[in-house]
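Everything quoted here is computed from the prediction, not taken from an experiment.
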Amino acid sequence: MENFSFYAPTYFAFGEGAELQAGELVKRFGGSRVLIHYGGGSVVRSGLLDRVKGSLEAAGLSWIELGGVKPNPRSGLVYEGIELCRREKVDFILAVGGGSTIDSSKAIAAGTVYDGDFWDFYEGKLVTEALPVGTILTIAAAGSEGSPDSVITKEEGMIKRGATGEAYRPKFSILNPALTKTLSAYQTACGVTDIIAHLYERYLTNTKNVETTDCMIEGLMQAMIHEGKKVMADLEDYDARANIMWAGMVGHNNCCGVGRTQDWTSHNIEHELSALYDCAHGAGLAVTMPAVFSYTMKQDVARFARVAVKVWGCQMDEEHPEKTAKEGIEALRSFLISIGMPKNFAELGAKEEDIPKLADVCCNGSAASDGKLHGFTTLEKSDVEAIYRMML
(Lines give C-alpha, C1' and ligand atoms only; values in the text may rest on other atoms or scores of the structure.)
Protein backbone atom coordinates (compact mmCIF):
# COMPACT_ATOMS: atom_id res chain seq x y z
CA MET A 1 0.00 0.00 0.00
CA GLU A 2 1.20 3.50 -0.85
CA ASN A 3 1.38 6.44 1.58
CA PHE A 4 -1.69 8.68 1.49
CA SER A 5 -3.54 11.52 3.17
CA PHE A 6 -7.32 11.45 3.37
CA TYR A 7 -9.61 14.14 4.69
CA ALA A 8 -13.31 14.03 3.82
CA PRO A 9 -15.14 16.48 6.09
CA THR A 10 -18.56 16.52 4.39
CA TYR A 11 -21.45 16.39 6.88
CA PHE A 12 -24.19 13.96 5.81
CA ALA A 13 -27.86 14.15 6.78
CA PHE A 14 -29.45 10.89 5.61
CA GLY A 15 -33.09 9.81 5.58
CA GLU A 16 -36.65 10.75 4.80
CA GLY A 17 -37.43 14.42 5.24
CA ALA A 18 -33.76 15.36 5.60
CA GLU A 19 -34.15 18.15 3.03
CA LEU A 20 -36.01 20.14 5.69
CA GLN A 21 -32.64 20.65 7.40
CA ALA A 22 -31.29 22.66 4.45
CA GLY A 23 -31.66 26.11 6.02
CA GLU A 24 -30.17 25.03 9.34
CA LEU A 25 -27.19 23.42 7.61
CA VAL A 26 -26.48 26.34 5.27
CA LYS A 27 -26.47 28.62 8.30
CA ARG A 28 -24.24 26.24 10.28
CA PHE A 29 -21.65 26.32 7.51
CA GLY A 30 -21.59 30.08 7.17
CA GLY A 31 -24.03 30.82 4.37
CA SER A 32 -26.24 33.92 4.36
CA ARG A 33 -26.86 34.69 0.66
CA VAL A 34 -27.56 31.46 -1.23
CA LEU A 35 -27.63 30.46 -4.88
CA ILE A 36 -30.07 27.58 -5.31
CA HIS A 37 -28.83 25.72 -8.39
CA TYR A 38 -30.96 23.05 -10.02
CA GLY A 39 -32.10 21.53 -13.27
CA GLY A 40 -35.88 21.62 -13.31
CA GLY A 41 -38.41 18.91 -13.95
CA SER A 42 -39.12 16.74 -10.93
CA VAL A 43 -37.30 19.05 -8.51
CA VAL A 44 -40.01 21.63 -9.24
CA ARG A 45 -42.96 19.29 -9.85
CA SER A 46 -42.39 17.23 -6.70
CA GLY A 47 -42.45 20.30 -4.48
CA LEU A 48 -38.84 19.73 -3.37
CA LEU A 49 -37.72 23.18 -4.48
CA ASP A 50 -40.53 24.82 -2.50
CA ARG A 51 -39.63 22.78 0.60
CA VAL A 52 -36.02 23.88 0.29
CA LYS A 53 -37.00 27.53 -0.05
CA GLY A 54 -39.24 27.21 2.98
CA SER A 55 -36.37 25.79 5.00
CA LEU A 56 -34.05 28.63 3.96
CA GLU A 57 -36.71 31.20 4.78
CA ALA A 58 -37.29 29.65 8.21
CA ALA A 59 -33.55 30.00 8.88
CA GLY A 60 -33.64 33.69 7.95
CA LEU A 61 -31.57 33.25 4.79
CA SER A 62 -31.95 35.01 1.44
CA TRP A 63 -31.52 33.29 -1.89
CA ILE A 64 -31.56 33.58 -5.65
CA GLU A 65 -32.16 30.80 -8.17
CA LEU A 66 -30.46 29.43 -11.26
CA GLY A 67 -32.14 26.48 -12.95
CA GLY A 68 -31.53 24.83 -16.30
CA VAL A 69 -28.77 22.33 -15.57
CA LYS A 70 -28.73 19.56 -18.18
CA PRO A 71 -27.16 16.09 -18.06
CA ASN A 72 -23.48 16.44 -19.03
CA PRO A 73 -23.55 20.01 -17.59
CA ARG A 74 -22.49 22.80 -19.89
CA SER A 75 -19.91 25.54 -19.54
CA GLY A 76 -22.37 28.24 -20.68
CA LEU A 77 -24.54 27.88 -17.57
CA VAL A 78 -21.42 27.86 -15.39
CA TYR A 79 -20.35 31.24 -16.80
CA GLU A 80 -23.89 32.54 -16.20
CA GLY A 81 -23.77 31.28 -12.62
CA ILE A 82 -20.40 32.88 -11.94
CA GLU A 83 -21.62 36.27 -13.16
CA LEU A 84 -24.81 35.92 -11.10
CA CYS A 85 -22.95 35.01 -7.91
CA ARG A 86 -20.57 37.92 -8.24
CA ARG A 87 -23.34 40.41 -8.98
CA GLU A 88 -25.59 39.18 -6.16
CA LYS A 89 -22.75 38.70 -3.64
CA VAL A 90 -23.60 35.03 -3.08
CA ASP A 91 -21.61 33.35 -0.30
CA PHE A 92 -23.01 29.79 -0.47
CA ILE A 93 -24.19 27.52 -3.29
CA LEU A 94 -26.89 24.91 -2.69
CA ALA A 95 -27.11 22.24 -5.38
CA VAL A 96 -30.53 20.56 -5.60
CA GLY A 97 -30.33 17.65 -8.01
CA GLY A 98 -28.02 14.91 -9.22
CA GLY A 99 -24.36 14.79 -10.17
CA SER A 100 -24.74 17.21 -13.07
CA THR A 101 -26.21 19.90 -10.83
CA ILE A 102 -23.59 19.32 -8.15
CA ASP A 103 -20.74 19.41 -10.68
CA SER A 104 -22.08 22.63 -12.20
CA SER A 105 -22.39 24.12 -8.70
CA LYS A 106 -18.79 23.25 -7.90
CA ALA A 107 -17.58 24.86 -11.13
CA ILE A 108 -19.53 28.03 -10.33
CA ALA A 109 -18.15 28.00 -6.78
CA ALA A 110 -14.56 27.88 -8.01
CA GLY A 111 -15.07 30.32 -10.88
CA THR A 112 -16.70 32.97 -8.70
CA VAL A 113 -13.58 33.47 -6.58
CA TYR A 114 -11.05 33.00 -9.42
CA ASP A 115 -9.62 35.82 -11.51
CA GLY A 116 -9.16 33.69 -14.63
CA ASP A 117 -11.35 31.41 -16.72
CA PHE A 118 -12.91 28.61 -14.64
CA TRP A 119 -12.06 26.21 -17.49
CA ASP A 120 -8.42 26.41 -16.37
CA PHE A 121 -9.39 23.97 -13.62
CA TYR A 122 -10.72 21.55 -16.23
CA GLU A 123 -7.41 21.63 -18.07
CA GLY A 124 -5.37 20.53 -15.07
CA LYS A 125 -5.14 23.44 -12.63
CA LEU A 126 -5.84 22.28 -9.05
CA VAL A 127 -8.87 23.80 -7.33
CA THR A 128 -7.64 25.37 -4.08
CA GLU A 129 -10.40 27.90 -3.34
CA ALA A 130 -14.15 27.94 -3.91
CA LEU A 131 -17.36 29.18 -2.38
CA PRO A 132 -18.84 26.62 0.04
CA VAL A 133 -21.25 24.16 -1.56
CA GLY A 134 -24.04 22.08 -0.02
CA THR A 135 -26.06 19.44 -1.84
CA ILE A 136 -29.52 17.90 -1.76
CA LEU A 137 -29.14 14.73 -3.80
CA THR A 138 -31.92 13.46 -6.08
CA ILE A 139 -30.01 10.89 -8.16
CA ALA A 140 -27.68 8.22 -6.75
CA ALA A 141 -24.96 7.88 -9.37
CA ALA A 142 -22.07 10.31 -9.70
CA GLY A 143 -20.95 10.41 -6.06
CA SER A 144 -20.25 14.13 -6.41
CA GLU A 145 -22.08 14.74 -3.13
CA GLY A 146 -19.01 13.51 -1.24
CA SER A 147 -16.15 13.86 -3.69
CA PRO A 148 -13.56 16.52 -4.56
CA ASP A 149 -14.37 16.17 -8.28
CA SER A 150 -16.47 17.81 -10.97
CA VAL A 151 -17.01 17.14 -14.70
CA ILE A 152 -18.15 19.82 -17.17
CA THR A 153 -18.72 19.85 -20.94
CA LYS A 154 -17.23 22.81 -22.79
CA GLU A 155 -19.70 23.77 -25.49
CA GLU A 156 -17.00 25.04 -27.81
CA GLY A 157 -15.85 21.75 -29.32
CA MET A 158 -18.08 19.71 -26.96
CA ILE A 159 -15.12 18.66 -24.81
CA LYS A 160 -15.91 16.92 -21.52
CA ARG A 161 -13.28 17.22 -18.79
CA GLY A 162 -12.91 16.86 -15.03
CA ALA A 163 -11.42 19.02 -12.29
CA THR A 164 -10.47 18.20 -8.73
CA GLY A 165 -9.41 19.75 -5.45
CA GLU A 166 -10.34 19.43 -1.78
CA ALA A 167 -12.08 22.82 -2.00
CA TYR A 168 -14.69 21.02 -4.11
CA ARG A 169 -15.85 18.72 -1.31
CA PRO A 170 -19.34 19.78 -0.22
CA LYS A 171 -19.70 21.21 3.28
CA PHE A 172 -22.80 19.10 3.73
CA SER A 173 -24.92 16.71 1.69
CA ILE A 174 -28.54 15.84 2.32
CA LEU A 175 -29.38 12.30 1.20
CA ASN A 176 -33.07 11.34 1.23
CA PRO A 177 -33.50 8.06 -0.71
CA ALA A 178 -37.22 8.78 -1.17
CA LEU A 179 -36.30 11.67 -3.49
CA THR A 180 -34.92 9.16 -6.01
CA LYS A 181 -38.28 7.39 -6.39
CA THR A 182 -39.21 9.86 -9.14
CA LEU A 183 -36.49 8.40 -11.37
CA SER A 184 -37.40 6.16 -14.28
CA ALA A 185 -36.10 2.61 -14.50
CA TYR A 186 -33.58 3.77 -17.14
CA GLN A 187 -32.25 6.64 -15.02
CA THR A 188 -32.02 4.35 -12.01
CA ALA A 189 -30.06 1.76 -14.00
CA CYS A 190 -27.72 4.47 -15.32
CA GLY A 191 -26.98 5.42 -11.72
CA VAL A 192 -26.26 1.84 -10.69
CA THR A 193 -23.91 1.52 -13.66
CA ASP A 194 -22.00 4.69 -12.81
CA ILE A 195 -21.51 3.54 -9.22
CA ILE A 196 -20.19 0.15 -10.38
CA ALA A 197 -17.79 1.94 -12.72
CA HIS A 198 -16.42 4.05 -9.85
CA LEU A 199 -15.77 0.85 -7.92
CA TYR A 200 -14.14 -1.01 -10.80
CA GLU A 201 -11.84 1.87 -11.63
CA ARG A 202 -10.50 1.88 -8.10
CA TYR A 203 -10.29 -1.90 -8.04
CA LEU A 204 -8.11 -2.00 -11.17
CA THR A 205 -4.81 -1.10 -9.56
CA ASN A 206 -1.16 -1.95 -10.01
CA THR A 207 -0.51 -1.45 -6.28
CA LYS A 208 0.13 -4.62 -4.30
CA ASN A 209 -1.04 -5.53 -0.79
CA VAL A 210 -4.24 -3.45 -0.65
CA GLU A 211 -6.47 -6.19 0.76
CA THR A 212 -8.51 -3.84 2.96
CA THR A 213 -9.68 -1.62 0.12
CA ASP A 214 -9.96 -4.62 -2.23
CA CYS A 215 -12.46 -6.21 0.17
CA MET A 216 -14.33 -2.92 0.65
CA ILE A 217 -14.76 -2.55 -3.10
CA GLU A 218 -15.78 -6.18 -3.59
CA GLY A 219 -18.41 -5.84 -0.85
CA LEU A 220 -19.81 -2.65 -2.38
CA MET A 221 -19.98 -4.29 -5.81
CA GLN A 222 -21.89 -7.24 -4.35
CA ALA A 223 -24.29 -4.82 -2.67
CA MET A 224 -24.83 -2.94 -5.93
CA ILE A 225 -25.66 -6.14 -7.81
CA HIS A 226 -28.09 -7.26 -5.09
CA GLU A 227 -29.74 -3.88 -4.54
CA GLY A 228 -29.67 -3.08 -8.26
CA LYS A 229 -31.78 -6.16 -8.99
CA LYS A 230 -34.14 -5.28 -6.13
CA VAL A 231 -34.73 -1.71 -7.22
CA MET A 232 -35.30 -2.69 -10.85
CA ALA A 233 -37.96 -5.16 -9.67
CA ASP A 234 -39.62 -2.46 -7.54
CA LEU A 235 -38.77 1.17 -8.22
CA GLU A 236 -40.58 2.13 -4.99
CA ASP A 237 -38.26 0.02 -2.80
CA TYR A 238 -36.97 2.60 -0.30
CA ASP A 239 -34.42 0.27 1.31
CA ALA A 240 -32.88 -0.66 -2.04
CA ARG A 241 -32.64 3.00 -2.97
CA ALA A 242 -31.14 3.81 0.45
CA ASN A 243 -28.41 1.21 0.04
CA ILE A 244 -27.66 2.36 -3.51
CA MET A 245 -27.54 6.02 -2.43
CA TRP A 246 -25.02 5.38 0.34
CA ALA A 247 -22.94 3.06 -1.85
CA GLY A 248 -22.77 5.81 -4.45
CA MET A 249 -21.25 8.19 -1.91
CA VAL A 250 -18.85 5.67 -0.34
CA GLY A 251 -17.80 4.46 -3.78
CA HIS A 252 -16.62 7.88 -4.89
CA ASN A 253 -15.46 9.89 -1.88
CA ASN A 254 -12.22 7.89 -2.26
CA CYS A 255 -12.17 6.00 1.04
CA CYS A 256 -11.97 2.91 -1.19
CA GLY A 257 -9.23 4.37 -3.36
CA VAL A 258 -6.60 5.55 -0.90
CA GLY A 259 -3.13 4.03 -0.97
CA ARG A 260 -3.50 2.55 -4.43
CA THR A 261 -3.15 3.58 -8.06
CA GLN A 262 -6.46 3.88 -9.88
CA ASP A 263 -7.73 3.45 -13.40
CA TRP A 264 -10.05 5.99 -15.03
CA THR A 265 -9.75 4.71 -18.60
CA SER A 266 -13.42 3.77 -18.91
CA HIS A 267 -14.53 7.21 -17.73
CA ASN A 268 -12.10 9.02 -20.01
CA ILE A 269 -13.18 7.02 -23.05
CA GLU A 270 -16.88 7.35 -22.20
CA HIS A 271 -16.69 11.10 -21.67
CA GLU A 272 -16.18 11.58 -25.41
CA LEU A 273 -19.35 9.59 -26.14
CA SER A 274 -21.59 11.58 -23.80
CA ALA A 275 -19.98 14.84 -24.93
CA LEU A 276 -20.52 14.18 -28.66
CA TYR A 277 -23.83 12.30 -28.57
CA ASP A 278 -25.27 13.62 -25.28
CA CYS A 279 -26.08 10.09 -24.16
CA ALA A 280 -26.52 9.34 -20.46
CA HIS A 281 -23.14 8.88 -18.78
CA GLY A 282 -24.15 5.59 -17.15
CA ALA A 283 -25.43 4.24 -20.46
CA GLY A 284 -22.15 5.12 -22.12
CA LEU A 285 -20.23 3.39 -19.34
CA ALA A 286 -22.31 0.22 -19.79
CA VAL A 287 -21.00 -0.06 -23.33
CA THR A 288 -17.50 1.18 -22.56
CA MET A 289 -16.54 -0.88 -19.50
CA PRO A 290 -16.74 -4.39 -20.99
CA ALA A 291 -14.73 -3.26 -24.03
CA VAL A 292 -12.04 -1.55 -21.95
CA PHE A 293 -11.76 -4.48 -19.54
CA SER A 294 -11.53 -7.03 -22.35
CA TYR A 295 -8.76 -4.99 -23.97
CA THR A 296 -6.75 -4.36 -20.79
CA MET A 297 -7.34 -7.73 -19.07
CA LYS A 298 -3.88 -8.99 -20.02
CA GLN A 299 -2.33 -6.33 -17.75
CA ASP A 300 -3.31 -8.41 -14.71
CA VAL A 301 -5.38 -11.51 -15.49
CA ALA A 302 -5.32 -12.56 -11.83
CA ARG A 303 -7.05 -9.34 -10.74
CA PHE A 304 -9.85 -9.78 -13.26
CA ALA A 305 -10.15 -13.44 -12.27
CA ARG A 306 -10.40 -12.45 -8.59
CA VAL A 307 -13.29 -10.05 -9.15
CA ALA A 308 -14.98 -12.68 -11.32
CA VAL A 309 -14.90 -15.15 -8.42
CA LYS A 310 -15.44 -12.79 -5.47
CA VAL A 311 -18.15 -10.61 -7.00
CA TRP A 312 -19.73 -12.45 -9.91
CA GLY A 313 -19.63 -15.98 -8.46
CA CYS A 314 -17.55 -17.53 -11.25
CA GLN A 315 -15.57 -20.71 -10.65
CA MET A 316 -11.80 -20.30 -10.79
CA ASP A 317 -10.07 -22.18 -13.57
CA GLU A 318 -6.61 -22.59 -12.04
CA GLU A 319 -5.06 -23.80 -15.30
CA HIS A 320 -6.66 -21.12 -17.42
CA PRO A 321 -7.38 -18.07 -15.23
CA GLU A 322 -7.94 -15.96 -18.34
CA LYS A 323 -11.14 -17.95 -18.92
CA THR A 324 -12.37 -17.00 -15.46
CA ALA A 325 -11.41 -13.38 -16.08
CA LYS A 326 -13.40 -13.33 -19.32
CA GLU A 327 -16.39 -14.94 -17.59
CA GLY A 328 -16.37 -12.11 -15.04
CA ILE A 329 -16.39 -9.46 -17.76
CA GLU A 330 -19.25 -11.25 -19.51
CA ALA A 331 -21.13 -11.47 -16.20
CA LEU A 332 -20.77 -7.70 -15.83
CA ARG A 333 -22.01 -7.17 -19.38
CA SER A 334 -24.99 -9.48 -18.85
CA PHE A 335 -25.94 -7.76 -15.59
CA LEU A 336 -25.89 -4.32 -17.19
CA ILE A 337 -28.02 -5.51 -20.10
CA SER A 338 -30.44 -7.17 -17.64
CA ILE A 339 -31.14 -3.85 -15.92
CA GLY A 340 -31.87 -2.16 -19.24
CA MET A 341 -28.54 -0.69 -20.26
CA PRO A 342 -27.41 -0.52 -23.92
CA LYS A 343 -24.89 -3.01 -25.24
CA ASN A 344 -23.29 -1.36 -28.28
CA PHE A 345 -22.53 1.81 -30.21
CA ALA A 346 -25.79 1.73 -32.17
CA GLU A 347 -27.91 1.73 -29.01
CA LEU A 348 -26.04 4.82 -27.81
CA GLY A 349 -26.60 6.62 -31.11
CA ALA A 350 -22.84 6.57 -31.74
CA LYS A 351 -21.37 6.26 -35.23
CA GLU A 352 -18.45 4.17 -36.46
CA GLU A 353 -17.19 6.96 -38.72
CA ASP A 354 -16.66 9.17 -35.65
CA ILE A 355 -14.20 6.76 -34.00
CA PRO A 356 -11.00 8.50 -35.22
CA LYS A 357 -12.33 11.85 -33.93
CA LEU A 358 -13.41 10.32 -30.61
CA ALA A 359 -9.99 8.75 -30.06
CA ASP A 360 -8.14 11.91 -31.04
CA VAL A 361 -10.10 14.16 -28.67
CA CYS A 362 -9.85 11.55 -25.92
CA CYS A 363 -6.06 11.40 -26.15
CA ASN A 364 -5.23 14.96 -27.22
CA GLY A 365 -8.14 17.16 -26.19
CA SER A 366 -6.81 18.29 -22.84
CA ALA A 367 -3.97 20.71 -22.17
CA ALA A 368 -2.71 18.28 -19.52
CA SER A 369 -2.61 15.37 -21.98
CA ASP A 370 0.54 13.82 -23.49
CA GLY A 371 -1.41 12.01 -26.19
CA LYS A 372 -1.92 8.88 -24.10
CA LEU A 373 -4.30 7.56 -21.44
CA HIS A 374 -2.59 6.49 -18.25
CA GLY A 375 -4.10 4.23 -15.62
CA PHE A 376 -4.19 0.48 -15.12
CA THR A 377 -2.26 0.35 -18.37
CA THR A 378 -1.03 3.02 -20.79
CA LEU A 379 -3.05 3.34 -23.99
CA GLU A 380 -1.98 4.96 -27.23
CA LYS A 381 -4.48 6.58 -29.59
CA SER A 382 -4.52 3.38 -31.67
CA ASP A 383 -5.48 1.40 -28.56
CA VAL A 384 -8.35 3.78 -27.84
CA GLU A 385 -9.58 3.45 -31.42
CA ALA A 386 -9.48 -0.33 -31.08
CA ILE A 387 -11.53 -0.15 -27.87
CA TYR A 388 -14.17 2.02 -29.54
CA ARG A 389 -14.36 -0.51 -32.37
CA MET A 390 -14.97 -3.28 -29.84
CA MET A 391 -18.16 -1.43 -28.87
CA LEU A 392 -19.68 -1.74 -32.35
Strictly distance-based, threshold 3.5 Å: is any side-chain N or O of Ser144 a donor or acceptor partner for the main-chain N or O of Gly99? no
Mind checking what makes side-chain contact (heavy atoms from CB on, under 4.5 Å) contact with Ala58, not counting sequence neighbours? none
By salt bridge (Lys or Arg N to Asp or Glu O under 4.0 Å), which residues pair with Glu353, not counting sequence neighbours? none
If two hydrophobic side chains count as joined below 4.5 Å and joins carry through other members, does Leu77 share a cluster with Ile93? yes
When you group the ILVMFWY residues by side-chain heavy-atom contacts below 4.5 Å and let the links chain together, are Tyr200 and Val210 in the same group? no
Above 12 or not: heavy atoms from other molecules or residues under 6.0 Å from NE2 of His374? yes
Which residues pass the salt bridge (Lys or Arg N to Asp or Glu O under 4.0 Å) test with Glu201, sequence neighbours left out? none
Please determine if Glu211 and Lys310 form a salt bridge, counting it only when a charged side-chain N lies under 4.0 Å from a carboxylate O. no
Ignoring hydrogens, what is the shortest heavy-atom contact between Ala141 and His198? Give both atom names and the distance. O-CE1, 3.6 Å
Are any of the side-chain nitrogens in Glu24 or Lys27 under 4.0 Å away from the carboxylate oxygens of its partner? no
Could you tell me if the side chain of Ile269 sits less than 4.5 Å from the side chain of Met391, heavy atoms only? yes
Quick one: closest heavy-atom pair of Ala247 and Met224, and the distance? CB-SD, 3.6 Å
Do Pro73 and Val78 make a side-chain contact, defined as non-hydrogen atoms from C-beta onward lying under 4.5 Å apart? no
Tell me every residue that passes ring-ring contact (aromatic ring centres under 6.0 Å, His included) with Phe12, counting only those two or more places apart in sequence or in another chain. Trp246
Are Val250 and Tyr168 connected in the hydrophobic side-chain network, where two residues link if heavy atoms are under 4.5 Å apart? no
Within the 4.5 Å heavy-atom criterion, are Lys89 and Asp91 side-chain neighbours or not? no
How far does CG of Asp263 sit from OG1 of Thr265, to the nearest 0.5 angstrom? 3.5 Å
Is any side-chain heavy atom of Met341 less than 4.5 Å from a side-chain heavy atom of Cys190? yes
Kindly compute the distance separating CG (Asn209) from CE (Met1), expressed to the nearest 0.5 Å. 8.5 Å
How close do Tyr186 and Pro342 get, heavy atom to heavy atom, and via which atoms? OH-CD, 4.4 Å
Same cluster (ILVMFWY, side-chain, under 4.5 Å), Ile82 and Trp119: yes
Quick one: do Asp278 and Arg74 make a salt bridge, cutoff under 4.0 Å? yes
Review item, side-chain donor-acceptor pairs of residues 283-295, under 3.5 Å, at least two apart:
{"from": "Thr288", "atom 1": "OG1", "to": "Gly284", "atom 2": "O", "distance (Å)": "2.7"}
{"from": "Ser294", "atom 1": "OG", "to": "Pro290", "atom 2": "O", "distance (Å)": "2.8"}
{"from": "Tyr295", "atom 1": "OH", "to": "Asp383", "atom 2": "OD1", "distance (Å)": "2.5"}

Verify whether one side chain among Arg241 and Thr188 offers a donor that lies under 3.5 Å from an acceptor in the other. yes
Atom of Glu145, atom of Pro170 and distance for their closest heavy-atom approach: O-CG, 3.3 Å
So, do Asn253 and Thr10 sit near enough that their side-chain heavy atoms are less than 4.5 Å apart? no
Out of curiosity, Glu57 CD to Asp50 CG, how far, rounded to the nearest 0.5 Å? 11.0 Å
Partner residues of Arg260 under the side-chain hydrogen bond (donor to acceptor under 3.5 Å, both in side chains) criterion, sequence neighbours left out: Thr213, Asp214
Glu270 and Ser274 side chains, donor-acceptor separation under 3.5 Å: yes
When you measure from the side chain of His37 to the backbone N and O of Leu66, does any donor-acceptor pair fall under 3.5 Å? yes
Any non-hydrogen side-chain atom of Phe335 less than 4.5 Å from a side-chain atom of Val192? yes
For the side chain of Glu155 and the backbone of Gly76, is there at least one donor-acceptor N/O pair under 3.5 Å apart? yes
With sequence neighbours left out, the residues meeting ring-ring contact (aromatic ring centres under 6.0 Å, His included) with Phe118 are Tyr79, Tyr122
Test applied, salt bridge (charged side-chain N to carboxylate O under 4.0 Å, His left out); reference residue, Glu272; option that passes from Lys357, Lys160, Arg161: Arg161
Using only atom types and a distance under 3.5 Å, with no angle test, would you say the side chain of Gln299 pairs donor to acceptor with the backbone of Phe376? yes
For the atom pair NZ (Lys70) and OG (Ser100), what is the distance rounded to the nearest 0.5 Å? 12.0 Å
Share the residues that join Ile136 in a hydrophobic cluster, the rule being Ile, Leu, Val, Met, Phe, Trp or Tyr side chains under 4.5 Å apart at the heavy-atom level. Tyr11, Leu25, Val26, Phe29, Val34, Ile36, Tyr38, Val43, Val44, Leu48, Leu49, Val52, Leu56, Leu61, Trp63, Phe92, Leu94, Val96, Phe172, Ile174, Leu179
The reported gap from CG in Leu358 to CG in Leu273 (rounded to nearest 0.5 angstrom) is 6.0 Å
Mind telling me whether His252 and Trp264 have parallel, tilted or perpendicular rings, with 30° and 60° as the class edges? perpendicular
Any side-chain to backbone donor/acceptor pair from Lys181 onto Tyr238? Under 3.5 Å, distance only. no
Run the side-chain hydrogen bond (donor to acceptor under 3.5 Å, both in side chains) test against Gln222 and tell me which residues pass, sequence neighbours left out. none
Flag the pair Lys171 / Arg28 as yes when at least one side-chain heavy-atom distance between them is below 4.5 Å, and no otherwise. no
Please name all residues satisfying side-chain hydrogen bond (donor to acceptor under 3.5 Å, both in side chains) with Ser105, sequence neighbours left out, ordered by chain then number. none
Indicate whether any N or O donor in one side chain lies under 3.5 Å from an N or O acceptor in the other, for Thr153 and Asn72. no
Between Gln315 and Glu327, is there a side-chain heavy-atom distance shorter than 4.5 Å? no
Gap between atom CE of Met245 and atom CG of Leu137 - 0.5 Å precision: 4.0 Å
Looking only at non-hydrogen atoms, find the nearest pair between Ala305 and Pro321 and report the distance. CB-O, 3.9 Å
So, are Arg87 and Glu83 salt-bridged, with charged N and O less than 4.0 Å apart? yes
Assess whether atom NZ of Lys298 is packed by more than 12 heavy atoms of other residues, nucleotides or ligands within 6.0 Å. yes
With clusters defined by side-chain heavy atoms of hydrophobic residues (ILVMFWY) lying less than 4.5 Å apart, directly or transitively, does Ile355 cluster with Val384? yes
Partners meeting side-chain hydrogen bond (donor to acceptor under 3.5 Å, both in side chains) with Thr212 (sequence neighbours left out): none
How is the hydrophobic cluster of Val309 composed, in terms of its other members, when Ile, Leu, Val, Met, Phe, Trp and Tyr link through side-chain heavy atoms under 4.5 Å apart, directly or indirectly? Met316
Is there a side-chain hydrogen bond (donor to acceptor under 3.5 Å, both in side chains) between Asn206 and Thr261 once you walk through the steps? CA-CA 6 Å; Asn206 293 310; Thr261 62; 4.6 Å; no
side-chain contact (heavy atoms from CB on, under 4.5 Å) assessment of Val69 paired with Asp103: CA-CA 10 Å; Val69 180; Asp103 284 2; over 6 Å; no
